[in-house]
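Structure first, then comments.
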Amino acid sequence: MKRIRATLIDADYVTKEGRPVVRLIMKGKTFFRMYDESFEPYFYVEVEDLGRGKKELAGVRVMDRGKEAVVKKVEEAELWVRGKKKVLLKVICKHPSHVPLLRSEVAKAGSIYEHDIPFARRYLMDRKISPFDEVEAECEGRIIRKIKKVGEGTVQLRALAFDIETYNPRGEPDASKDPVIMISYAGETSGVLTYKEVEGAEFVRRVAGEREMIEEFCALLRREDVELMLGYNSGVFDLPYLKERAERCGIKLAVGRDGGDFKVRRRGMNDVAKITGRIHVDLYLVARFLGIIGAIKTPQYTLKKTYAEIVGKEKEKAISKAEVWRLWDDAERRRELADYSLDDAVSTKELGDKILPMEIELSRICGATLFDVVGASASQLVELLLMRRSSEKKMLIPNRPDDEEAGRRKVPVKGAYVKMPKAGIYDNLAVLDFRGLYPSIICSYNLDPFTLEKEGEETENIYLSPAGHAFSKEKKGIVPMVLEEILDKRARVKKELRKWEKEPESSQYRQLYARSQALKVLANSYYGYLLYSRSRWYSREAGESTTAWGRHYIREMEKKAEKAGFEVVYMDTDSLFLGLGSKGKKEVKAFLKEVNESLPGKMELELEGFYPRGVFVMKKGSGRKDVTVTGAKKKYALLDENGRIKIRGFELVRRDWSKIAKDTQMAVLEAILKEGSKEKAKNIVKQRIEELRNGKTKKEDLVIYTRLRKGVRKYEVISPEVAAVKKAQAKGIKVEERGLIGYVITKRGKRVSDKARLAELAEDYDANYYIDRQILPAVMKILGELGYEEDDLKMSGKQSRLGDL
DNA sequence: GCGGACTGCTTACCT
DNA sequence: ACAGGTAAGCAGTCCGCG
């Protein structure tokens with residue numbers, strides 16, 4: 001027996017003589033594999049009568065296409081079931097693939113639970129080890145006898161980013177015909193593999209042909225002993241394309257450590273490729289995840305845009321995809337393609353360096369492999385951690401809801417409170433907000449599906465929510481338990497982070513920062529998870545109570561602020577905008593101190609910032625003559641103390657408005673907020689209108705972008721963007737139907753839809769549309785506030801309205 | 001036949 | 001395919017209107 005220590009990197013399982021063997025990838029001095037034969041698949045069954053259930057289950061045997069699945073053993077297991085202790089039957093079988101075969105037969109004896117947890121993940125849960133933990137194993141050869149966590153691992157994985165270029169004379173490349181022409185890589189070394197002469201590029205290695213290039217790429221992976229492969233969209237494009245090309249060249253795509261290729265597994269909406277013996281991460285999936293949770297904001301998730309957003313600089317090289325084949329065929333310009341290809345790989349690598357640390361922390365925290373975490377949705381991450389902790393606490397993991405229970409979604413839960421602002425320009429505002437309002441409510445009131453007490457059965461010791469639901473104070477629910485762990489951990493990480501603040505480039509700072517981000521992502525997802533119709537720990541009552549308490553506390557703050565003499569200008573969910581009037585920062589801070597003393601433990605109202613000036617605009621349709629001056633919610637602009645403008649909700653932050661309208665709105669806002677100059681604002685607008693009339697506006701400033709979520713035939717209402725695509729198709733032009741559509745409103749036609757043309761096909765533009773439906777509505781919101789009429793802006797010195805025609 | 005009021009569909013935003 | 005709250009545009013429909 002030998003003892004080894006290493007960092008756990010990955011886990012899966014293989015089958016040996018019909019038995020599952022867990023395979024762990026570890027890294028100590030080297031990267032190596034270990035096996036554990038001692039773990040068996042199991043699930044639980046809840047039965048009415050233990051004795052009878054045992055008898056029924058022990059005899060279960062299913063034959064399916066020559067494959068036999070039997071129940072190997074049945075044991076009793078005491079667990080917490082929906083908040084109460086209960087004895088269930090633990091059914092052990094021979095192979096994970098037998099579980100689905102046994103399911104329907106077993107269901108005859110009782111209700112089946114925990115039958116859909118992947119084998120290797122179950123192993124990690126039960127052994128209480130996580131990827132990126134430092135583990136100690138007792139072993140004989142490569143066989144593990146015992147394993148435990150001894151600390152946190154710190155590893156540097158040998159990473160290599162790659163990218164392929166394909167020949168595409170007909171637009172989209174077709175793997176059955178079009179060869180791969182270049183493979184670029186960036187790791188410890190970087191370069192480009194290809195098979196045509198590229199002059200003067202010392203980073204290019206020329207081989208005999210496509211087959212040799214693919215072989216050389218695989219050889220490179222072996223030579224460099226790559227542990228982590230990074231790609232961008234590589235799971236759906238590069239790898240499958242390479243595989244098909246390899247087959248057509250009569251070779252195998254030997255990218256795996258075992259000489260094999262990769263397997264694609266579908267996870268939710270995503271396809272994820274798994275390479276044996278290496279970790280493959282498709283950074284596109286990570287980028288999209290960051291977009292969905294709101295951590296980044298790009299209109300599209302192309303490598304170029306994602307790179308700019310995350311790395312914070314523009315990607316060096318850019319060529320049009322349609323150009324690729326031309327550059328390849330042109331010996332003079334082939335160098336450009338090689339440069340571009342290399343730049344893609346290098347950028348992918350840089351992107352990985354930035355965003356992988358957070359994924360690694362998520363993997364560590366949730367106890368699931370990188371493979372499981374990359375491409376997982378926020379709710380899946382929440383669930384991974386809940387399942388692990390639930391199982392540790394001997395609590396039965398609830399099943400995913402079946403389709404019938406998805407009827408949960410029917411009646412929406414009442415959400416947050418948003419106060420109607422009065423339109424106008426304000427001086428001296430203070431913005432206050434609750435840090436993590438919903439998470440702190442869930443923790444403070446023990447909100448959980450199984451701490452809920454049924455009506456009429458409430459005990460003494462309860463929290464009664466404003467929504468009328470009672471939650472036990474005594475037994476702690478798993479949801480608040482795990483959430484509290486996350487919040488506490490994050491508080492500690494942030495404290496530690498402050499110690500490293502002066503060295504933001506240090507590995508310590510970076511790791512702590514990534515961890516803090518990961519914890520934040522998780523904490524913010526719990527409320528949504530409670531109300532997500534397909535979650536295992538769904539609880540309408542807990543979700544409803546979260547928002548009800550949220551409304552309660554924010555309204556409470558409103559009352560107190562008013563009583564303290566502030567004008568409460570606006571509120572949304574967890575924030576308050578106070579008009580200071582004659583008061584100053586001192587009074588705001590005193591107010592915060594006072595209210596925070598009255599708030600329960602985890603809840604805290606914080607100062608977000610002071611703003612010398614702010615604008616709230618009128619809601620469309622509520623005219624100025626209307627005495628109420630109703631403002632629009634979720635639309636405002638603030639000028640901070642450093643002269644920076646913070647804008648929310650305005651047309652200019654939306655991608656479905658033209659650049660000309662957005663730029664003009666921004667210019668007006670700046671003139672008003674920074675200089676307080678109506679005159680300047682007015683002149684800007686007049687100038688832009690003039691340019692439009694004279695046909696001087698650039699086409700790209702007129703493009704309106706909208707995303708089509710479904711194919712054009714599926715729309716019942718033909719909106720301009722749908723009409724534009726249809727018109728292009730009628731001309732025989734191939735257009736990607738789903739995705740971001742850019743269109744321009746032209747002169748021909750009556751309705752807006754008739755006038756819309758895809759941006760690349762538009763030959764003219766309708767100045768009146770851009771004036772009346774883009775610039776003026778965007779700008780009048782702000783200038784209308786100052787007593788301007790549309791005509792003041794439309795008429796220039798030289799022209800009268802009559803002259804327009 | 002046309003304009004205004006209204007509804008419904010749709011997208012993108014805010015917290 | 002984590003929640004709800006909100007603004008807004010355009011298409012389409014209904015209705016009045018000699």
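Lettering follows sequence order; numbering is per chain, from 1.
Separation of the F650(A) and Y636(A) ring centroids does not fall under the 6.0 Å cut-off.
Separating the NZ atom of K620(A) from the C1' atom of dC13(B) is a distance of 18 Å, rounded to the nearest angstrom. One atom, CG of D656(A), and another, C1' of dC9(B), lie 14 Å apart when rounded to the nearest Å. Residue L384(A) contributes atom CG, which lies 14 Å from atom C1' of dC2(C) at whole-angstrom precision. Summarising the geometry, the separation between CD1 on I718(A) and P on dT13(C) is reported as 12 Å, rounded to the nearest angstrom. In this structure, L285(A) atom CG and dA1(C) atom C1' are separated by 15 Å, rounded to whole Å. At whole-Å resolution of the value, CZ in R551(A) and C1' in dG5(C) are 12 Å apart. If you take NZ of K662(A) and C1' of dC13(B), they are 12 Å apart, rounded to a whole angstrom. Atom CE in M618(A) sits about 10 Å away from atom P in dA8(C), given to the nearest Å.
Heavy atoms of Y715(A) sit under 4.0 angstrom from primed sugar atoms or phosphate atoms, though from no base atom. Across all strands, R654(A) comes closer than 4.0 Å to base atoms (heavy-atom distances). The residue V382(A) sits apart from the nucleic acid: no heavy atom pair falls under 4.0 Å. S525(A) comes within 4.0 angstrom of a nucleotide base, judged by non-hydrogen atoms across all strands. Residue contacts shown for Y705(A) are absent, as no nucleic acid heavy atom lies under 4.0 Å away. Using a 4.0 Å heavy-atom cutoff across all strands shown, A416(A) reaches sugar-phosphate atoms only and no base atom.
At dT10(B), none of the side-chain N or O atoms of R707(A) fall inside 4.0 Å of OP1 or OP2 (strictly under the cut-off). For the pair Y636(A) and dC13(B), the criterion of a side-chain N or O lying under 4.0 Å from OP1 or OP2 is not met. Dashed line: the shortest gap from a side-chain N or O of K710(A) to OP1 or OP2 of dT10(B) is under 4.0 Å. The side chain of R540(A) places no N or O atom within less than 4.0 Å of a non-bridging phosphate oxygen (OP1 or OP2) of dA3(C). Checking the phosphate oxygens (OP1, OP2) of dA3(C), no side-chain nitrogen or oxygen of K414(A) falls inside 4.0 Å. Dashed line: the shortest gap from a side-chain N or O of Y417(A) to OP1 or OP2 of dC14(B) is not under 4.0 Å. Taking 4.0 angstrom as the limit, K635(A) places a side-chain polar atom (N or O) nearer than this to OP1 or OP2 of dA8(C).
You'll find that the side chain of K781(A) is closest to dA8(C), out of dA8(C), dA11(C), dC10(C). Which of dG9(C), dA11(C), dC2(C) sits closest to the side chain of R751(A) comes down to dA11(C). Checked against dA8(C), dT11(B), dC2(C), the side chain of T706(A) finds its nearest nucleotide in dT11(B). Among dA8(C), dA11(C), dG5(C), the nucleotide with an atom closest to any side-chain atom of K634(A) is dG5(C). Comparing dC2(C), dT11(B), dA8(C) by their nearest atom to the side chain of R709(A) picks out dT11(B). Comparing atom distances between the L531(A) side chain and each of dA3(C), dA12(B), dA11(C) picks out dA3(C) as nearest. Checking dC9(B), dA1(C), dA7(C) against the side-chain heavy atoms of Y532(A) singles out dA1(C) as nearest. The side chain of K633(A) lies closest to dT6(C) when the candidates are dC10(C), dA11(C), dT6(C). When each of dA11(C), dC13(B), dG4(C) is scored by its nearest atom to the side-chain atoms of Y527(A), the top-ranked nucleotide is dG4(C).
By the 30° and 60° cut-offs, the orientation of the rings of Y301(A) relative to Y284(A) is perpendicular.
Between the side chains of E309(A) and T306(A), not a single donor N or O lies within less than 3.5 Å of an accepting N or O. Counted by atom type alone, E651(A) and Q774(A) present zero donor-acceptor pairs between their side chains at under 3.5 Å.
Toward the 5′ end of DNA chain C lies the nearest nucleotide of Y529(A), the other residue of the pair G415(A) and Y529(A) mapping further downstream. Along DNA chain C, the nucleotide closest to Q380(A) and the one closest to E716(A) are compared, and the more 5′ of them pairs with Q380(A).
Residue K414(A) qualifies as open at atom NZ: its count of foreign heavy atoms under 6.0 Å is 12 or below.
At least one cation-pi condition fails for K419(A) and Y570(A): the charged atom is not both under 6.0 angstrom from the six-membered ring centre and inside a 45 degree cone around its axis.
Here, dC2(C) and dC9(B) have their C1' atoms 24 Å apart, quoted to the whole Å.
Without hydrogens or angle criteria, D282(A) side chain to N233(A) main chain gives a donor-acceptor distance under 3.5 Å.
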